[in-house]
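Quick notes on the structure that follows.
Just so it is clear, the values below take in all heavy atoms, side chains as well, and ignore hydrogens, waters and symmetry mates.
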Amino acid sequence: MAAAAESPWRGIARQAWQDLLPFPGRFAMTWRVALLCAIVAGVAMVYKVPEAAIGCYLVIFLARPSGAECVGQAIGLILLVSVVVLAMAPLIQATADYPLARIAVIALTSFAFVFLGAASQLGEIGSIIALVIGFVLTLVDQLPVGEIATRGLLYAWQMAVMPMVAMIVFNLVLGTSPHRLLREIVARRLRVAADVLEAPQTRARLEGELAGGLADGDQQAMLARLFHTAPAAAVTWLSGAATASYRLLLAVAALPADLAADARIAFAGQCRAAARAVAAGARPMVADPEPAAGPTIGAAGMVRALLAGLAAPNGGTDAVAQKPPFLAPDAFSNPDYQRYALKTTAAAISCYIIYSLIDWQGIHTAMITCYVAALGTTGETVHKLALRIAGCLVGAMLGFASILFVIPHLDSVGGLMALVFAGVLVGAWVSTGNERISYAGVQVGLAFLLTILNGFAPSLDMDSGRDRIVGILLGNVVVYVIFTGIWPKSAVVDARARLARALVALSRLAAMAPAARLAATADAAQVEMEAEKAEGQLMLLPFEPPAQRPSAAVVARLAGLVEETRALLPALLFLPAPSAELSRRLADAAARVAPSGGCGDGPAVAAGDEDGGVAAGLTTRLHRIERLAAG
């Protein structure tokens, strides 16, 4: 983070390059996405399914490593689209002759669904629903009412359902099962623990694994149970082992620096043996009850207990995944949700009015851009706009090159499918990366497909690709103007809110009894995840307009607070007793750093303040957190 603060763009470029490097499973996911898109394009050409490019886009956008998750999403989207299509016909009839009423309906439905997506677990699906409703209503201007209400809606249903049916069949045959992914998660964590035990300088890998939290493992366990992809006993063991392996990483992070070398080597050997067994589909054997790693209390004792627990039928823990509430606790009290929905809706309607007034319907992608590019903070939004522009230009370049040099030589659907596979392979490689770059890959694929697929045959017309690219650029400009000019929300605000939540979670842990604290894996994971997301928000600050960025001193202070918060967690987990004083002071620090607390307004806490009730080893770090939170 320090390097990024000194030279942010150099740090961003270096991180982007690292995000493009291969990792286990990336190529397998990439070729599956490309092959499925080729199949969808071929089916669309043969059976005259409209908008094949949009169908392939849905595949790229919804593709996940878990085959069961893909199947679940596909089923959900089929049901959702069917309901929307049935509901749209009377709505179109009612507003067909009243343009202002139609705009009002678009605005109301857009605000409602975008707000719901931002303030609930619905997430980006809310924006997709708003996009579908708004875009279909805008087509009334181009087609007769009867046609748009019948044939047009039927085509829209076919366009969305066909690729989802293909995704279901494809993943039932070639998809990766969730219990296999769960095994890979457990084995990977055990290998990371072994690496850090043998070479403490690789601790950054451990921090990266902890930052992932428990959500992925919990989701795969839920999918394995829902789709019965493995025996119930196996899923129960894997679910417990996933939680236990996460606790193991926390315990390894808390091991004292002066732990004997033979103890570290013994623990590392046990971790590697367990990882091999898990990867082979077996349950690890019971660890030697008297290994060379002598200590039986504290972090070392926890490592021993967790390694031994992996042999138990429950994987070492009976922890049950927590289900978050559907609505955010501050859904109706935090104005940021309403402001975000209003800004997104204003941008979309502005684009609709612009391309309607100039009668250039080919740039309708401007309206789509507003829904897919808008995010909560200015930094996130501009970052996504940059990804969309870069991906769009790369994809269009691939598409135009294909029109000039490849498509004139194609004479079969098979040749077109091969071209789609090759082009999407590039975008899918990027889209299967992490969220910092994945959206650029989606845009590479979309722009490429929009350029070469137009109608029911390979397209040699460059006008369509040109219009859609102009629309994307227009949408980016409108979103940028609105999100930076109306209620701008800096990424630093979200970073402070996340740091406050991490400190509150630390406060809860400090007040717990030792046994309860060690079992509170969800709270520990929240600290790691919120700190990671806060750091990510700070790295997005260079994308914001200079006038809206905080000072370098504020950024450096918050970056330091991220590091101190992460460093405090391992030591706090193994406190021998609850500490009301530590809990209170962490809660006070959270109140100071929260956006409503005015970070920097509170008094700094001097090193001589009362430390009663705080373990000696935590005093120095606690003072740093208090000083950084207070400014």
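- Asp262 and Ala260 get closest at one heavy-atom pair: OD1-CB, 3.0 Å.
- Between Arg498 and Asp494, at least one side-chain N (NZ, or NE/NH1/NH2) sits under 4.0 Å from a carboxylate O, which counts as a salt bridge.
- Nearest heavy atom pair, residue Gly281 against residue Arg183, reads O-NH2, 3.2 Å.
- Residues Val196 and Arg264 approach most closely at O-NH1, 4.2 Å, considering heavy atoms.
- Between Phe332 and Phe115, the angle of the ring planes lies from 30° to 60°, which puts this pair in the tilted group.
- Side-chain contact between Leu499 and Glu530 is absent, with no heavy-atom pair separated by less than 4.5 Å.
- When atom types are taken as modelled, the side chain of Glu380 and the backbone of Thr377 share a donor-acceptor pair closer than 3.5 angstrom.
- With a 4.5 Å cut-off on side-chain heavy atoms, Val278 and Pro284 count as touching.
- Electrostatic pairing of Arg549 and Glu544 does not count as a salt bridge here, judged by no charged N lying under 4.0 Å from a carboxylate O.
- Checked for salt-bridge contact, Arg205 and Glu209 miss the test: no charged N lies under 4.0 Å from a carboxylate O.
- Contact of the Leu223 side chain with the Val71 side chain is not registered, since no non-hydrogen atoms from C-beta on lie closer than 4.5 Å.
- Side-chain atoms of His179 come within 3.5 Å of backbone N or O of Thr229 as a donor-acceptor pair.
- For residues 331-341, the pairs satisfying salt bridge (Lys or Arg N to Asp or Glu O under 4.0 Å) are Asp336-Lys489, with sequence neighbours left out.
- Side-chain contact between Ser490 and Pro550 is present, with heavy atoms from C-beta onward closer than 4.5 Å.
- Arg189 places a side-chain N or O within 3.5 Å of a backbone atom of Ala242 that can act as its donor or acceptor partner.
- A distance of 6.0 Å separates CD1 in Ile625 from CG in Leu586, rounded to the nearest 0.5 Å.
- Panel note: side chain Ser239, backbone Val235; no donor-acceptor pair is recorded below 3.5 Å.
- Between Leu572 and Arg517, the shortest heavy-atom contact is O-CD, 3.3 Å.
- Arg26 places a side-chain N or O within donor-acceptor distance of the main-chain N or O of Leu21, the cut-off being under 3.5 Å.
- In this structure, Thr317 and Ala244 approach most closely via the heavy-atom pair CG2-N, 3.9 Å.
- The side-chain heavy atoms of Arg304 and Gln270, taken from C-beta on, include no pair separated by under 4.5 Å.
- Contact record, Ala241 with Val186: C-CG2, 3.9 Å, taken as the closest heavy-atom pair.
- Side-chain contact annotation: Ser438 with Glu435, donor-acceptor N/O pair under 3.5 Å absent.
- The side chain to side chain donor-acceptor pair (under 3.5 Å) test applied to Asp588 returns Arg584, not counting sequence neighbours.
- Two residues are said to be in side-chain contact when any heavy atoms from C-beta on lie closer than 4.5 Å; Thr176 and Pro65 fail this criterion.
- A donor-acceptor distance shorter than 3.5 angstrom exists from the side chain of Tyr340 to the backbone of Ala374, with no hydrogens or angles considered.
- A salt bridge links Arg585 with Glu626: at least one charged nitrogen is closer than 4.0 Å to a carboxylate oxygen.
- Electrostatic pairing of Glu198 and Arg272 counts as a salt bridge here, judged by a charged N lying under 4.0 Å from a carboxylate O.
- Using a 4.5 Å cut-off on side-chain heavy atoms (C-beta onward), Glu532 and Met529 make no contact.
- Under 3.5 Å, the side chains of Ser507 and Ser583 contain a donor-acceptor pair of N or O atoms.
- Under a 3.5 Å cut-off, the side chain of Trp237 and the backbone N or O of Leu310 do form a donor-acceptor pair.
- A 4.5 Å side-chain heavy-atom check between Phe483 and Val382 finds every atom pair outside the cut-off.
- In this structure, a donor-acceptor pair under 3.5 Å is present between the side chains of Gln526 and Arg508.
- Distance CG/Leu575 to CG/Leu509: 9.5 Å, rounded to 0.5 Å.
- Arg557 contributes no side-chain N or O that, together with a main-chain N or O of Ala629, makes up a donor-acceptor pair within less than 3.5 Å.
- For the pair Gln73 (side chain) and Leu62 (backbone), a donor-acceptor distance under 3.5 Å is present.
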